[in-house]
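Here the structure is a predicted model, which is why all the values come from computation and not from measurement. Index from 1, following the sequence.
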Amino acid sequence: IKSGAQEFVKGFYESPQQQRVYKESSYTVRLPFKDDFSSGAINDTLWSYHNGVYLNNHMGNSIPSQWIITFDATNHTYTPYDTTDRDRTLWGDSLVTSYIDLSRENPNSNIFLSFYYQAKGQGYMPKIADSLFVFFKNDAGIWEKEVAIAPLDTNIFLQEWLEINDPKYFHSEFQILFTNRATLGY
């Protein structure tokens, strides 16, 4: 799979205005799963849900692909999710894969998620409380946090590798959720 502590994701967003329901995926894909967004569009066969993410080719520095996804804590009209408190940290944008059928694989299959990330690029440096999160959906349908990446004061893309080797992830409706925590003030 290549693109770019447990925590149960219920009550994920702090207010009704930010509440999002991840729709059931219309598609199931098999390995290999790869998307570098080179088509210039978010492929609805690979991604079941995207909210607020910004597909672009100019917000990063020395991007590793022609296009990147930016998590900027604004909605599709570029309005911040919360305009009343600039120092509030909240859940921001999200990108969810379609179902990935891992039922034919096993924990010894050497399956990894690999993606690149850059904290600042051509935008503002994220605040210390901001992070990029990656969640995996287990066989009980619960999102479990795999990693939270705090912003580093670097302006290069870094690559992350996450091994998928827990038996609870080897089912036909496995999904990956990328989301961010963001402080709106700058």
Side-chain angles (χ1 to χ4, degrees), residues 1-10 12 20-57 59-60 62-72 91-119 121 131-152 156-181:
I1 300 172
K2 187 170 180 175
S3 81
Q6 281 188 323
E7 188 167 323
F8 176 69
V9 184
K10 182 173 181 174
F12 203 87
R20 296 179 197 112
V21 176
Y22 299 127
K23 67 179 184 174
E24 294 297 313
S25 180
S26 300
Y27 299 99
T28 299
V29 296
R30 292 200 168 94
L31 297 179
F33 180 101
K34 180 180 180 178
D35 193 0
D36 62 1
F37 306 103
S38 60
S39 69
I42 296 176
N43 183 331
D44 288 335
T45 302
L46 298 176
W47 303 98
S48 68
Y49 181 84
H50 51 90
N51 186 70
V53 294
Y54 175 40
L55 180 67
N56 66 87
N57 62 2
M59 290 297 294
S62 302
I63 61 177
S65 176
Q66 186 176 357
W67 294 86
I68 59 172
I69 294 287
T70 300
F71 291 75
D72 62 0
W91 289 106
D93 307 321
S94 52
L95 181 67
V96 181
T97 65
S98 292
Y99 294 138
I100 302 171
D101 185 358
L102 296 184
S103 65
R104 298 178 183 182
E105 308 295 333
N106 65 64
N108 298 316
S109 296
N110 292 317
I111 298 172
F112 289 84
L113 167 65
S114 171
F115 60 94
Y116 291 90
Y117 65 94
Q118 183 179 69
S131 294
L132 175 66
F133 288 81
V134 179
F135 291 85
F136 291 168
K137 188 185 278 186
N138 69 23
D139 54 3
I142 296 171
W143 292 105
E144 296 190 25
K145 181 175 71 176
E146 290 301 309
V147 69
I149 302 170
L152 298 173
I156 61 171
F157 274 90
L158 302 172
Q159 188 172 20
E160 182 77 21
W161 290 87
L162 300 175
E163 186 170 13
I164 302 171
N165 60 2
D166 193 311
K168 64 187 165 195
Y169 297 137
F170 290 85
H171 58 93
S172 62
E173 294 183 350
F174 175 75
Q175 287 180 288
I176 301 166
L177 161 64
F178 295 88
T179 190
N180 66 322
R181 294 279 297 167

Checklist outcome for this item: OG of Ser62 to CD of Gln118, rounded to nearest 0.5 Å, is 7.5 Å

Next on the checklist: Looking at Tyr54, is its backbone amide N or carbonyl O close enough to the side chain of Asn56 to form a donor-acceptor pair, meaning the two atoms are under 3.5 Å apart?
Outcome noted: yes

Checklist outcome for this item: The salt bridge (charged side-chain N to carboxylate O under 4.0 Å, His left out) partners of Asp166 (sequence neighbours excluded) come to Lys168

Checklist entry - So do the side chains of Leu31 and Leu102 get within less than 4.5 Å of each other, counting heavy atoms only? => result yes

Next on the checklist: If only side-chain N and O atoms count, and only distance matters, is there a donor-acceptor pair under 3.5 Å linking Asp36 with Ser38?
Outcome noted: yes

Checklist entry - Is there a donor-acceptor contact under 3.5 Å linking the side chains of Asp101 and Thr28? => result no

Checklist entry - Are side-chain heavy atoms of Leu177 and Ser94 found at a separation under 4.5 Å? => result yes

Item to check | Gap between atom CG of Asn110 and atom CD of Glu163 - 0.5 Å precision | outcome: 6.5 Å

Next on the checklist: Donor-acceptor check, side chain of His171 to backbone of Lys137, threshold 3.5 angstrom: yes or no?
Outcome noted: yes

Next on the checklist: Quick one about Ser114 and Glu160 (side-chain donor to acceptor, distance below 3.5 Å, no hydrogens or angles considered), yes or no?
Outcome noted: no

Item to check | Check: Ser39 side chain, Ala41 main-chain N or O, donor-acceptor pair, under 3.5 Å | outcome: yes

Checklist entry - For Phe174, which of Phe136, Tyr99, Trp143 qualifies under ring-ring contact (aromatic ring centres under 6.0 Å, His included)? => result Phe136

Item to check | Ring geometry between Phe71 and Phe178 (parallel below 30°, tilted from 30 to 60°, perpendicular above 60°) | outcome: tilted

Item to check | Residues which pass side chain to side chain donor-acceptor pair (under 3.5 Å) with Ser131, listed by chain and number, not counting sequence neighbours | outcome: none

Next on the checklist: Could you go through Ile69 and Ile42, starting from their C-alpha distance and side-chain angles, then the distance that decides it, and tell me whether this counts as side chain to side chain contact (heavy atoms under 4.5 Å, CB included)?
Outcome noted: CA-CA 9 Å; Ile69 294 287; Ile42 296 176; 4.0 Å; yes

Checklist entry - Between Lys34 and Leu46, does a side chain to side chain contact (heavy atoms under 4.5 Å, CB included) hold up when you go through it step by step? => result CA-CA 9 Å; Lys34 180 180 180 178; Leu46 298 176; over 6 Å; no

Checklist entry - Between Phe115 and Trp161, does the ring centroid distance fall short of 6.0 Å? => result no

Item to check | Phe112 side chain reached by Leu162 side chain, heavy atoms, under 4.5 Å | outcome: no

Checklist entry - Do Gln175 and Ser98 pass the side chain to side chain contact (heavy atoms under 4.5 Å, CB included) test, and can you show the C-alpha distance, the side-chain angles, and the key distance before you say yes or no? => result CA-CA 6 Å; Gln175 287 180 288; Ser98 292; 5.7 Å; no

Item to check | Centroid-centroid under 6.0 Å between Tyr117 and Phe157 rings | outcome: no

Next on the checklist: So Phe170 and Ile111, do their side chains get closer than 4.5 Å, heavy atoms only?
Outcome noted: yes

Checklist entry - Is there a donor-acceptor contact under 3.5 Å from the side chain of Thr179 to the main chain of Asp93? => result yes

Next on the checklist: Using side chain to side chain contact (heavy atoms under 4.5 Å, CB included), reason through Leu55 and Phe37 one step at a time and then give a plain yes or no.
Outcome noted: CA-CA 8 Å; Leu55 180 67; Phe37 306 103; 3.7 Å; yes

Checklist entry - Does some side-chain heavy atom of Val29 sit less than 4.5 Å from a side-chain heavy atom of Thr45? => result yes

Item to check | Side-chain donor-acceptor contact under 3.5 Å, Tyr169 with Glu146 | outcome: yes

Checklist entry - Less than 6.0 Å separating the ring centroids of Tyr27 and Trp47? => result no

